[in-house]
Student: 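One structure, pasted below without further comment.
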Protein chains: 4
Amino acid sequence: MPKDTFYNLSKEKKAQIYKIAIEEFADYSYEKVSITRIVEKAGIAKGSFYQYFENKKDLFMYIIDEIGKAKMESMTSLIENIDKMDFFEFLRQLFRKGIEFGKSKPELAKVLDRIMNEMPKEIKAEIYKEGEVKSLEMFENLLKAAIEKRQIRSDIDVRLVSYMITHLSMSVSEYHFQDMPVKEENFDKIIDTSDSMVEILERGLGFNVFK
Amino acid sequence: MPKDTFYNLSKEKKAQIYKIAIEEFADYSYEKVSITRIVEKAGIAKGSFYQYFENKKDLFMYIIDEIGKAKMESMTSLIENIDKMDFFEFLRQLFRKGIEFGKSKPELAKVLDRIMNEMPKEIKAEIYKEGEVKSLEMFENLLKAAIEKRQIRSDIDVRLVSYMITHLSMSVSEYHFQDMPVKEENFDKIIDTSDSMVEILERGLGFNVFK
Amino acid sequence: MPKDTFYNLSKEKKAQIYKIAIEEFADYSYEKVSITRIVEKAGIAKGSFYQYFENKKDLFMYIIDEIGKAKMESMTSLIENIDKMDFFEFLRQLFRKGIEFGKSKPELAKVLDRIMNEMPKEIKAEIYKEGEVKSLEMFENLLKAAIEKRQIRSDIDVRLVSYMITHLSMSVSEYHFQDMPVKEENFDKIIDTSDSMVEILERGLGFNVFK
Amino acid sequence: MPKDTFYNLSKEKKAQIYKIAIEEFADYSYEKVSITRIVEKAGIAKGSFYQYFENKKDLFMYIIDEIGKAKMESMTSLIENIDKMDFFEFLRQLFRKGIEFGKSKPELAKVLDRIMNEMPKEIKAEIYKEGEVKSLEMFENLLKAAIEKRQIRSDIDVRLVSYMITHLSMSVSEYHFQDMPVKEENFDKIIDTSDSMVEILERGLGFNVFK
DNA sequence: CATGAATGAGAGTTCATTCAT
DNA sequence: AATGAATGAACTCTCATTCAT
């Protein structure tokens with residue numbers, strides 16, 4: 001995490017550095033992100049950078065953290081109303097929120113995407129030490145509650161399902177942005193697909209006369 | 001693809017270089033893979049390497065190709081009997097084959113894993129030009145056939161489901177190898193989990209008195 | 001052109017690097033000039049070099065520029081008095097100045113010579129983008145003025161003659177330094193030859209009883 | 001010079017290698033000419049090349065030699081009639097022959113051009129050890145004869161003038177091919193310019209009422 | 001606290017040439 | 001005589017990080 005010297009900077013300078021760093025991590029893979037380029041774009045001295053951050057990874061961790069906070073923030077309204085919803089309704093909302101996040105903060109979403117899809121295992125592991133675990137835990141608790149409320153089957157492996165949902169939620173946007181440009185008119189389609197995914201999770205693929 | 005000079009080498013030398021290269025791509029991300037290290041480990045001259053391969057990407061493509069072949073080979077027996085099986089049975093077998101592949105060729109599986117999880121988008125795209133499309137197509141055809149045979153619901157988005165399955169199949173092993181070491185005794189558990197995943201895909205998570 | 005980091009260096013360091021670079025470009029063809037050798041001779045780190053210059057060409061362009069300035073400087077006194085002279089007198093002085101430049105700055109002259117005589121066409125083109133054009137233009141203007149003053153024939157192709165003069169002026173020193181060492185005692189001979197060249201340009205080779 | 005092994009090759013093979021080599025030296029500077037590329041294009045083994053030629057320079061010398069012969073051949077008809085002509089008429093014809101050579105054997109002319117304009121001094125020197133000396137000697141003899149016949153002035157430095165003519169003859173085509181493409185319709189213009197150059201050499205630039 | 005010059009290991013790649021077969 | 005695999009030094013250039021000022 002950044003040193004005090006960074007936090008002591010003026011709001012503007014902090015924001016400026018943050019913005020440039022996000023851009024960089026959105027445009028390049030971790031290995032290709034260049035501190036030299038960052039300090040040039042940000043107009044600060046190389047030495048100053050190393051007064052603020054330990055090293056590249058330190059900056060990266062800070063970026064991750066901020067993105068995490070931003071994502072959490074976009075989810076709070078949903079989380080607060082969690083009790084008012086059926087489990088699958090919640091899932092639907094959750095997936096939608098994810099899509100909306102990608103729409104309103106595309107740069108942050110790009111970074112997130114890079115993290116998920118092209119981060120060396122070792123680094124991913126470090127990032128997830130807390131992050132993912134929390135996310136998984138949340139799902140596990142939700143699942144357990146839903147089982148008790150008889151909203152979902154009781155004979156499932158809670159941990160496994162958490163894992164499946166986490167991964168599926170991330171691939172929703174991926175699925176779309178490979179085919180369509182991120183435009184307003186495509187937005188509804190994406191939401192539809194997302195809903196379909198939840199529906200499949202709920203009802204399964206199997207042919208069943210009773211359903 | 002490698003130059004003739006590579007294919008003209010003795011079986012042993014080819015195998016040796018192949019082995020070292022696999023190791024390298026298993027242990028390091030694409031960017032971090034070092035030709036210098038490879039030639040040192042393989043005990044060949046730098047110049048020789050460039051007699052065999054155009055450049056790093058050329059070696060990489062060769063590796064990919066070989067892994068692809070190996071994976072295909074491990075699947076043939078299954079594909080041949082595809083008609084004798086129910087769709088979900090096929091899925092179960094497919095997931096199992098994937099796990100077995102990871103067990104019998106762990107180094108190859110590691111490389112495959114790196115490709116799926118940490119390859120820059122641009123490179124992935126190049127690799128998949130055919131590969132993934134084919135895989136998706138296969139699933140789409142299977143799904144359509146299964147629908148006709150009333151094995152699965154007819155109201156699903158075939159393309160979307162193909163995508164979901166592809167991704168889930170890849171994350172089966174990922175799910176396990178983060179927690180447990182790849183040991184014989186864990187193998188049964190992994191198979192169980194894999195089967196559970198398919199079962200969820202089949203029946204869904206939803207609570208249903210009729211099921 | 002060099003980066004700020006170069007210009008910010010101490011006078012001595014700049015001069016040191018400049019000197020070494022001139023030596024290198026005097027001793028080797030462009031392709032054979034080695035950055036590795038330069039940094040070794042100059043006692044700086046490889047990385048430092050690339051803090052100062054974009055690349056080899058950047059260094060080269062800087063060198064060219066400096067030589068151009070030096071040459072221009074050696075010509076200013078002549079250019080200022082251009083109106084006081086007959087065209088051929090001017091030419092004589094110009095050729096002499098060229099010879100003197102080669103005598104006082106032999107290393108720079110050597111580099112200049114390499115540029116004229118062994119630079120790949122493509123690179124030459126880039127250097128001349130402005131340089132040579134200007135030189136040709138100057139001659140063309142001089143020739144036109146001389147025609148009006150009835151100092152030279154009016155029935156010549158101004159552009160062609162400019163070209164001839166430019167090339168001859170460059171070969172003056174070449175003519176000598178292939179045979180004689182650059183010594184004080186040879187200097188007068190060279191001046192004589194140079195004057196002869198101008199005389200031939202003025203009067204032609206033709207036998208003419210009236211002359 | 002090539003080894004016997006080269007001369008023992010079949011006419012076709014020799015011609016093939018010669019053709020490829022000319023192409024290569026026409027398209028690339030000496031340093032950039034690649035033996036690897038040559039043997040690939042020519043379809044011979046690397047080792048074979050070194051059975052035929054000592055090294056790159058050896059091949060190059062052979063090329064030069066062949067071009068020299070070709071050029072000489074194009075000049076023989078002229079040389080044979082040398083006595084029937086006035087000195088300046090001869091010069092005019094000589095320049096023209098040079099231009100025609102460039103037109104009929106453009107690849108050879110390109111190589112020649114590279115030699116004149118971008119060959120490192122040291123190599124040039126070696127090439128000229130005989131070649132240029134001969135050319136200069138020829139001019140010197142011609143000039144002396146012309147002086148005796150009262151076709152040209154007697155008060156000139158014969159050696160210097162030989163040098164000037166040699167260089168000017170080479171720059172004739174250079175002058176043109178920088179501006180115009182080598183097309184049939186430009187050919188007459190080039191001849192005109194060439195004639196003008198000779199005319200200036202004959203009569204000089206000086207304004208003279210008697211001329 | 002800010003600066004930015006200095007660092008040097010390391011990257012991928014090219015090359016002419018040798019030599020065992 | 002023909003082959004072509006093997007060589008390894010040399011090349012330009014990039015990089016994250018350090019440290020004296």
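Numbers restart at 1 for each chain; the letters A, B, ... are given by sequence-line order, proteins then strands.
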Student: Under 4.0 Å, counting only non-hydrogen atoms across every strand here, what does D/I44 touch: a base, just sugar-phosphate, or nothing?
Tutor: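 No contact.
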Student: Any donor-acceptor pair under 3.5 Å between the side chain of B/K46 and the base of E/dT13?
Tutor: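 Answer is yes: a donor-acceptor pair is held.
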Student: Out of F/dC11, E/dT17, F/dA1, which has the shortest distance to the side chain of D/T5?
Tutor: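 When the side chain of D/T5 is considered, F/dA1 is the closest of F/dC11, E/dT17, F/dA1.
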Student: In whole angstrom, what separates C/Y50's OH from F/dA16's C1'?
Tutor: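 Spelled out: OH on C/Y50 to C1' on F/dA16 is 18 Å.
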Student: Between D/K110 and D/E107, is there a salt bridge with N-O shorter than 4.0 Å?
Tutor: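 Salt bridge between D/E107 and D/K110, a charged N being under 4.0 Å from a carboxylate O: yes.
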Student: In Å, rounded to the nearest 0.5 Å, how long is the span from OG1 of A/T36 to NZ of A/K46?
Tutor: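 It comes to 3.5 Å.
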Student: How about A/Y7 and A/Y52: are their ring centres within less than 6.0 Å of each other?
Tutor: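 That pair fails the under 6.0 Å test.
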Student: Side chains of C/S29 and D/E31: is there a donor and an acceptor less than 3.5 Å apart?
Tutor: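 Short answer, yes.
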Student: Mind checking if D/S34 touches a base, just sugar-phosphate, or nothing, with heavy atoms under 4.0 Å?
Tutor: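 The answer is sugar-phosphate, as D/S34 gets under 4.0 Å only of primed atoms, P, OP1 or OP2.
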Student: Do the side-chain N or O atoms of D/T36 get closer than 4.0 angstrom to the phosphate oxygens (OP1, OP2) of E/dC15?
Tutor: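 Result: no.
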Student: Taking A/K56 for the side chain and A/Y30 for the main chain, is one N or O donor matched with an acceptor at less than 3.5 Å?
Tutor: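 Looks like yes, one N/O pair under 3.5 Å.
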Student: Expressed as a whole number of angstroms, how long is the span from C/I38:CD1 to F/dA10:P?
Tutor: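 So the two atoms are 16 Å apart, to the nearest Å.
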Student: Rounded to the Å, how far apart are C/D58 CG and F/dC13 C1'?
Tutor: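 Taking atom C1' of F/dC13 as the reference, CG of C/D58 is at 13 Å.
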Student: Are any of the side-chain nitrogens in B/K69 or B/E66 under 4.0 Å away from the carboxylate oxygens of its partner?
Tutor: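 Salt bridge present between B/K69 and B/E66.
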Student: Between E/dT17 atom P and D/K57 atom NZ, what is the distance in whole Å?
Tutor: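 Atom-to-atom, D/K57 to E/dT17, this comes out as 10 Å.
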Student: Across all strands, who's sitting opposite E/dT17 as a Watson-Crick or G-U wobble pair, both distances under 3.5 Å?
Tutor: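 For E/dT17, the partner nucleotide comes out as F/dA6, under the 3.5 Å rule.
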Student: Mapping D/Q51 and D/E54 to their closest nucleotides on DNA chain E, which lands nearer the 5' end?
Tutor: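 Whichever sits nearer the 5' end wins; that is D/E54.
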Student: Between B/G43 and C/G47, which is nearer to the 5' end of DNA chain F once each is assigned its nearest nucleotide?
Tutor: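 The residue whose closest nucleotide sits nearer the 5' end is B/G43.
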Student: Given atom CD1 of A/I35 and atom P of F/dC15, what is their separation to the nearest angstrom?
Tutor: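 Going from CD1 in A/I35 over to P in F/dC15 covers 11 Å.
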Student: Please classify the nucleic acid contact of A/Y52 as base, sugar-phosphate, or nothing, using heavy-atom distances under 4.0 Å.
Tutor: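 Here A/Y52 touches the backbone only, sparing every base.
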Student: Give B/V39 one of three labels, base, sugar-phosphate or nothing, depending on what nucleic acid heavy atoms sit under 4.0 Å from its own.
Tutor: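 The residue B/V39 makes no contact with any strand.
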Student: What's the closest nucleotide to the side chain of B/N55 if the choices are E/dT13, E/dT3, E/dT17?
Tutor: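 Within the option list, the nearest is E/dT13.
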Student: A/L59 has an atom CG; how far is it from atom P of F/dT17, in whole Å?
Tutor: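 Atom CG in A/L59 sits about 11 Å away from atom P in F/dT17.
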Student: So what does B/N8 hit on the nucleic acid, given a heavy-atom distance under 4.0 Å: a base, only sugar-phosphate, or nothing?
Tutor: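 Sugar-phosphate contact only.
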Student: Expressed in angstrom and rounded to an integer, what is the separation of B/E31 atom CD from F/dA16 atom P?
Tutor: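 My rounded result for the distance is 12 Å.
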Student: Would you mind telling me which residue lines up with the more 5' stretch of DNA chain E, B/K32 or A/K13, judged by nearest nucleotide?
Tutor: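 This one resolves to A/K13.
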Student: How close or far is atom P of E/dT14 from atom NZ of B/K56, stated in whole angstroms?
Tutor: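 One finds 14 Å between P of E/dT14 and NZ of B/K56, rounded.
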Student: C/V33 or B/A45: which one's nearest nucleotide on DNA chain F is closer to the 5' end?
Tutor: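 In this pair, the answer is B/A45.
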